[in-house]
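The analysis underlying the following values was restricted to heavy atoms, covering all of them including side chains, and did not include hydrogens, waters or symmetry mates.
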Amino acid sequence: SYRLTEVKAVEVEKWLKPLTLAKGSKAKIRNIMSALYSHAIRWEWAERNPITSVRQSSKRQKVPDVLTPEEIVVILEELSDPMRTMVELDAFTGLRRGELIGLRWEDVDFESLVLRVRRSVVAMVAGLPKTEASQKDVPLDVQLAESLSLWKQRSPYTAPGDWVFASPHKKGRQPYWPGTLWRYYGKPAVNHARVNKHVSYHTFRHTFGTLLNANGENAKVVQELLRP
């Protein structure tokens, strides 16, 4: 309801402050608004960009938990498939949640030992991965490939176009809802394993990158593997 010339930096700050979002998300909203103003200035629809004066920190409210290799192992021991294979993939490839459930069997190359990330599924809607870099192939080690192969042998949906983690409740037409799986199986497994940390799918991705860095891996290699 505001014209471009009526938007004030302080008012934008007041609007952002009560939003129930992480600081990083608020900073991204601020950046998008700033980009829109830059576009408006280019087309001479506005003369100034008030968003450049909007103060919004992107600093994390708390440092995310990182799991130790031992904690990952005990969590995996508490899980059964398909959750076990999902978490194993997450922990040892750094895939995002949407990329995990967006995998089809045609994306898994057992001979070349790579995963081809071609889509991300969010709220059961398939779209492109988060960034262009996210579409890079992900290497598989032999043990991870074996776990996927064993899951494929047990899964009723193994055609090339079938979801790797197809939901039997939807007769394979959709993948599992990741949040539901985590709530009913993942979270109890973490509690049974007595891992006193906040754990989610993103925890495994964050842990993957952190452990690689701690292991002295080249920063460029870590970046390539995480596909930011």
Open item on the list: To the closest 0.5 Å, what do you measure between CG (Leu76) and CE (Met83)?
Closed with: 10.0 Å
Open item on the list: So that I can tick it off, tell me whether Asp90 and Arg97 are bridged by a salt bridge, with the cut-off set at under 4.0 angstrom between side-chain N and carboxylate O.
Closed with: no
Open item on the list: Once rounded to the nearest 0.5 Å, what's the spacing between atom CZ of Arg104 and atom CZ of Arg118?
Closed with: 13.0 Å
TODO: Check whether the side chains of Arg96 and Ser134 place a donor and an acceptor atom closer than 3.5 Å, and report yes or no.
DONE: yes
Task: Side chain to side chain, Glu77 and Leu79, heavy atoms closer than 4.5 Å - done: no
- [ ] Compare all side-chain heavy atoms of His202 with those of Arg205 and state whether any distance is below 4.5 angstrom.
- [x] yes
Open item on the list: Counting only heavy atoms from other residues, nucleotides and ligands, does the tally under 6.0 Å from CZ of Phe92 exceed 12?
Closed with: yes
Task: Main-chain N/O of Glu111 paired to Asp109 side chain as donor or acceptor, under 3.5 Å - done: yes
TODO: Check whether Leu128 and Val125 end up in the same hydrophobic cluster, where Ile, Leu, Val, Met, Phe, Trp and Tyr are linked by side-chain heavy atoms less than 4.5 Å apart.
DONE: no
Open item on the list: For Ile75, is there any backbone N or O sitting under 3.5 Å from a side-chain donor or acceptor partner on Glu78?
Closed with: no
Open item on the list: Distance check, rounded to the nearest 0.5 Å: Tyr37 atom OH versus Met33 atom CE?
Closed with: 7.0 Å
Open item on the list: Within the supplied structure, the quantity of interest is the number of heavy atoms (other residues, nucleotides, ligands) at a distance under 6.0 Å from Arg3 CZ; does it exceed 12?
Closed with: no
Task: Check: Pro64 and Thr203 side chains under 4.5 Å, non-hydrogen atoms - done: no
Task: Electrostatic pair Arg30-Glu13, nearest N-O below 4.0 angstrom - done: no
Check: residues 168-182 side-chain donor-acceptor pairs under 3.5 Å, at least two apart:
unit_1: Trp182; atom_1: NE1; unit_2: Val199; atom_2: O; d: 3.4

TODO: Assess whether side-chain contact (heavy atoms from CB on, under 4.5 Å) is satisfied between Leu103 and Leu95, documenting all intermediate values.
DONE: CA-CA 10 Å; Leu103 288 172; Leu95 287 175; 4.1 Å; yes
- [ ] Using atom types as modelled and distance alone, determine if a side-chain donor or acceptor of Lys26 lies under 3.5 Å from a backbone N or O of Leu19.
- [x] yes
- [ ] Would you kindly confirm whether Phe110 and Val117 end up in one hydrophobic cluster when ILVMFWY residues are joined by side chain heavy atoms under 4.5 Å apart?
- [x] yes
Task: Non-hydrogen atoms of Val222 and Gly209 that approach each other most closely - done: CG1-O, 4.1 Å
Open item on the list: Could you measure the distance from the CD atom of Glu71 to the OG1 atom of Thr207? Nearest 0.5 Å is fine.
Closed with: 8.5 Å
TODO: Using a 4.5 Å cut-off on heavy atoms from C-beta on, say whether the side chain of His206 contacts that of Thr210.
DONE: yes
TODO: Indicate yes or no for a side-chain donor-acceptor contact from Arg119 to the backbone of Gly102 under 3.5 Å, with no hydrogens or angles considered.
DONE: yes
Task: Linked hydrophobic residues, Leu36 as query - side chain contacts closer than 4.5 Å - done: Ile32
Open item on the list: For a quick test of reading the model, state the closest non-hydrogen atom pair linking Ser200 to Phe204 and the distance between them.
Closed with: O-CD1, 3.3 Å
- [ ] Taking the side chain as every heavy atom from C-beta outward, state whether Val114 and Val138 have any pair of such atoms under 4.5 Å apart.
- [x] no
TODO: Give the C-alpha distance, both sets of side-chain angles, the deciding distance and a yes or no for side-chain contact (heavy atoms from CB on, under 4.5 Å) between Lys23 and Ser58.
DONE: CA-CA 5 Å; Lys23 288 184 178 180; Ser58 60; 5.6 Å; no
- [ ] Say whether, by atom type as modelled, one donor and one acceptor occur between the side chain of Asn31 and the main chain of Ala27 under 3.5 angstrom.
- [x] yes
TODO: Evaluate the side-chain proximity of Leu4 to Trp45: yes if any heavy-atom separation is below 4.5 Å, no if none is.
DONE: yes
TODO: Could you state whether Leu150 and Trp105 fall into the same hydrophobic cluster, counting links through intermediate Ile, Leu, Val, Met, Phe, Trp or Tyr residues with side-chain heavy atoms under 4.5 angstrom apart?
DONE: no
Task: 4.5 Å side-chain heavy-atom contact, Ile29 and Leu21 - done: yes
Open item on the list: Rounded to the nearest 0.5 Å, what separates atom CG in Leu89 from atom CG in Leu144?
Closed with: 5.0 Å
- [ ] Kindly work out whether a path of hydrophobic side-chain contacts (I/L/V/M/F/W/Y, heavy atoms less than 4.5 Å apart) joins Val87 to Leu148.
- [x] yes
Open item on the list: Using side-chain heavy atoms (C-beta onward) and a distance below 4.5 Å, is Val108 in contact with Val164?
Closed with: yes
- [ ] Would you indicate whether Glu47, at its atom CD, is surrounded by more than 12 heavy atoms from other residues, nucleotides or ligands within a distance under 6.0 Å?
- [x] no
- [ ] For residues Ile72 and Ala91, report the shortest heavy-atom separation together with the two atoms involved.
- [x] CG2-CB, 4.1 Å
Open item on the list: Using 0.5 Å steps for rounding, measure from the CG atom of Leu225 to the NZ atom of Lys220.
Closed with: 11.5 Å
Task: Considering all heavy atoms, the nearest Ala133-Pro228 contact - done: CB-O, 3.5 Å
Open item on the list: Which heavy atom of Tyr157 sits nearest to which heavy atom of Ala166, and what is that distance?
Closed with: CD1-CB, 3.6 Å
Open item on the list: If we ignore hydrogens and angles and just use 3.5 Å, is the side chain of Ser147 paired with the main-chain N or O of Thr85 as donor and acceptor?
Closed with: no
Task: Side chains of Glu99 and Ser120, donor plus acceptor under 3.5 Å - done: no
Task: Residue Lys130 excluded, over 12 heavy atoms near NZ under 6.0 Å - done: no
Open item on the list: Would a single hydrophobic cluster contain both Tyr201 and Val74, if residues Ile, Leu, Val, Met, Phe, Trp and Tyr are joined by side-chain heavy-atom contacts under 4.5 Å?
Closed with: yes
Task: Donor-acceptor contact below 3.5 Å, side chain Asp65 vs main chain Lys197 - done: no
